[in-house]
Amino acid sequence: MIDLKSLRENPQRYKDGCLKKGFTAIDLDRILRLDEQRRKALTEMESLRAEQKRIEKDLGPQIGKLQGAIKKAAGDDERATLTAELDAMKARPAALKAQVTSFEQVLQEIDPQLHALLLEVPLPPDADVPVGASADDNVEIRRWNPPGFDPAKSFEAQRGFRPKSHIEIVRDLGLADFERGVKIGGTRHYVLTGDGMRLHQAVLRYAFDTMANAHGFTPVSVPVIVREEMMVGTGFFPAGREQAYHIEESKRGGGHDMFLTGTGEVGLMGLYQGEIIDESRLPLKLVTLSTCFRREAGAAGKDTAGLYRIHQFDKVEQVVICRADEQESRRWHKDMIGFVESILRSLEIPHRLLQCCTGDLGPKNADMIDIESWMPGRGEVDASGAPSGAYGETHSASRLYDYQCRRLNMRYRAGGDSGKGETHVCHSLNNTVIASPRVLIPLLENHQTRDGRVRIPEVLRPAMNGQEFIG
RNA sequence: GGUGCGGUGGCUGAGUGGCCGAAAGCACUCGACUUGAAAUCGAGCAGGCCCGCAAGGGCCUCGGGGGUUCGAAUCCUCCCCGCACCGCCA
């Protein structure tokens with residue numbers, strides 16, 4: 001959520017942000033009008049209430065005494081006199097209370113509207129993010145290729161044989177069973193089998209261990225079934241509501257609904273929701289391995305075959321929660337991307353970094369870097385039946401300033417615990433470490449051999465029982 | 001699923017109608033003592049919002065909503081959440 005005060009002070013910044021991100025339906029002027037109305041009503045209500053409270057405090061003891069006197073009153077006449085006096089005394093605060101109530105009603109009308117609108121305002125992109133309409137306008141930052149390989153030239157020219165797609169590889173080597181996956185779970189489901197499952201586990205374990213052991217991230221497990229509050233807090237709702245599986249427990253008479261998370265980010269960010277963290281504990285560096293669920297609504301017909309776009313996968317996710325400092329945020333963003341680049345290099349996967357343009361950012365990001373891995377089996381197929389190869393997204397690194405933490409009410413106190421320091425809203429960042437089985441696509445396709453086997457990168461061999469090849 | 005208990009500040013925990021935004025302890029901050037530290041002593045210390053150039057003032061919040069009352073952390077009511085034991089069970 002954006003900071004309403006900041007919107008008041010600089011509406012143009014947010015209008016530009018909406019424009020750049022392509023959020024044309026957001027009516028900031030309406031928000032500003034509602035805010036204006038709300039504050040006006042609030043100010044009046046508060047002063048009336050202050051007056052009411054002052055009078056009540058004055059009158060309280062007198063009322064008490066009068067009530068006592070009425071009980072003890074000797075005759076009906078005396079009692080009537082006293083009762084009239086009491087009623088007169090009560091009339092003044094009562095009149096004020098009626099006025100207060102009318103302002104309260106105005107506020108009760110405005111507040112939910114204002115809040116709902118505010119949740120939809122996107123975080124403006126940073127000034128150094130290129131302006132663009134869609135992913136087509138993303139800008140390549142850099143590439144990395146293993147020695148002796150260049151995706152600009154054909155796979156066949158460099159390696160001496162025509163590449164198979166991962167779909168062919170898993171079929172030929174018995175690494176996955178799509179038919180049975182679909183039988184069990186429906187479309188976009190799969191079953192990993194044999195070395196397919198072992199490779200999946202190996203790459204996840206390797207990525208997880210690298211973050212926890214080499215980079216000092218705190219390993220945690222997180223719930224993947226969460227309350228709606230967490231989906232809203234992390235900024236996935238309301239915009240991405242259609243993308244999440246919804247468990248309607250309320251319809252069965254149970255507590256309330258829950259949602260399956262599409263990324264471990266939700267659980268990691270939820271960890272400290274509503275808390276005030278001692279500054280000395282920052283930054284929080286967290287890594288989790290979680291199963292992710294995505295409905296892929298609106299992707300009908302896209303990437304229907306293979307392991308690319310599926311409803312359920314596993315992902316190692318890194319999150320950093322740090323002080324509200326732009327430079328520190330930016331530094332973590334670079335570092336987190338660096339961790340991933342070194343993992344991809346060790347896996348010998350050609351990849352490139354893309355600076356996402358404003359139109360590709362989504363509501364919660366100020367800045368986002370995608371990493372795409374080279375997939376020889378993707379892309380156009382030529383007349384002879386050979387695929388051109390193409391980059392496919394495997395990672396996404398987001399920088400969100402305080403957008404998420406404000407929604408989650410996650411703050412830190414400068415200085416000591418409960419000391420005099422002010423509270424600030426934390427900054428947060430997140431980045432994929434490895435998502436599998438999608439990463440199996442570049443892994444299998446790049447490391448396939450002329451004789452139909454797959455060479456396992458050295459770093460994965462310990463988790464593959466020392467095995468050098470699949471097949 | 002059954003029964004019982006509970007939700008108060010960063011934490012523990014007192015508080016059953018006004019003296020309570022809230023005792024006490026811990027933690028923390030500052031100061032004194034000390035060569036330094038510990039211990040001790042003194043002071044401070046909830047969050048948010050609104051008005052205001054500021055100084056300052058005000059309002060809200062004791063899980064959440066609604067209600068009773070001149071007045072609610074305290075009484076009533078509905079909801080949410082948590083814990084314990086029993087049953088079932090990976």
Taking a pair as Watson-Crick or G-U wobble with both distances under 3.5 Å, which nucleotide is matched to B:C89? none
Would A:Arg30 and A:Leu34 count as a side-chain contact (heavy atoms from CB on, under 4.5 Å) here? Give the steps. CA-CA 6 Å; A:Arg30 171 142 185 258; A:Leu34 284 172; 4.3 Å; yes
Take atom P in B:U74 and the same atom in B:G66, then report the distance between them in whole Å. 14 Å
Let me know the distance between CD of A:Glu249 and P of B:C79, rounded to the nearest Å. 17 Å
Nearest-angstrom distance from the residue atom CD of A:Gln52 to C1' of B:C70: 9 Å
Look only at the side chain of A:His166 and the backbone of A:Leu307, and say whether a donor-acceptor pair between them is shorter than 3.5 Å. yes
Could you tell me the Watson-Crick or G-U partner of B:C33, where both distances fall under 3.5 Å? Say none if there is no partner. none
Could you go through the ring-ring contact (aromatic ring centres under 6.0 Å, His included) check for A:Phe237 and A:Phe259 one step at a time? CA-CA 11 Å; A:Phe237 286 6; A:Phe259 295 85; 4.9 Å; yes
How would you label the contact of A:Arg227 with the nucleic acid (heavy atoms, under 4.0 Å): base, sugar-phosphate, or nothing? sugar-phosphate
More than 12 heavy atoms of other residues, nucleotides or ligands under 6.0 Å from CG of A:Asn213: is that the case? yes
Can you tell me if A:Gln404 and A:Ser428 form a side-chain donor-acceptor pair at under 3.5 Å? yes
Run the salt-bridge test on A:Lys20 and A:Asp16 with the 4.0 Å N-O cut-off and return the result as yes or no. no
Any strand is fair game: report the nucleotide pairing with B:C11 by Watson-Crick or G-U wobble, both distances under 3.5 Å, or none. B:G25
Nearest nucleotide by nearest heavy atom, which residue falls closer to the 5' end of RNA chain B, A:Gln108 or A:Lys53? A:Lys53
Rounded to whole angstrom units, what separation is found between the CG atom of A:Asn409 and the P atom of B:G10? 11 Å
Just call it for A:Arg8: base, sugar-phosphate, or nothing, with non-hydrogen atoms closer than 4.0 Å on any strand. sugar-phosphate
Near RNA chain B, under 4.0 Å by heavy atom, which residues of residues 40-51 of chain A? A:Leu42, A:Thr43, A:Glu46, A:Arg49, A:Ala50
Whole-Å distance separating the CD atom of A:Glu229 from the C1' atom of B:C80: 10 Å
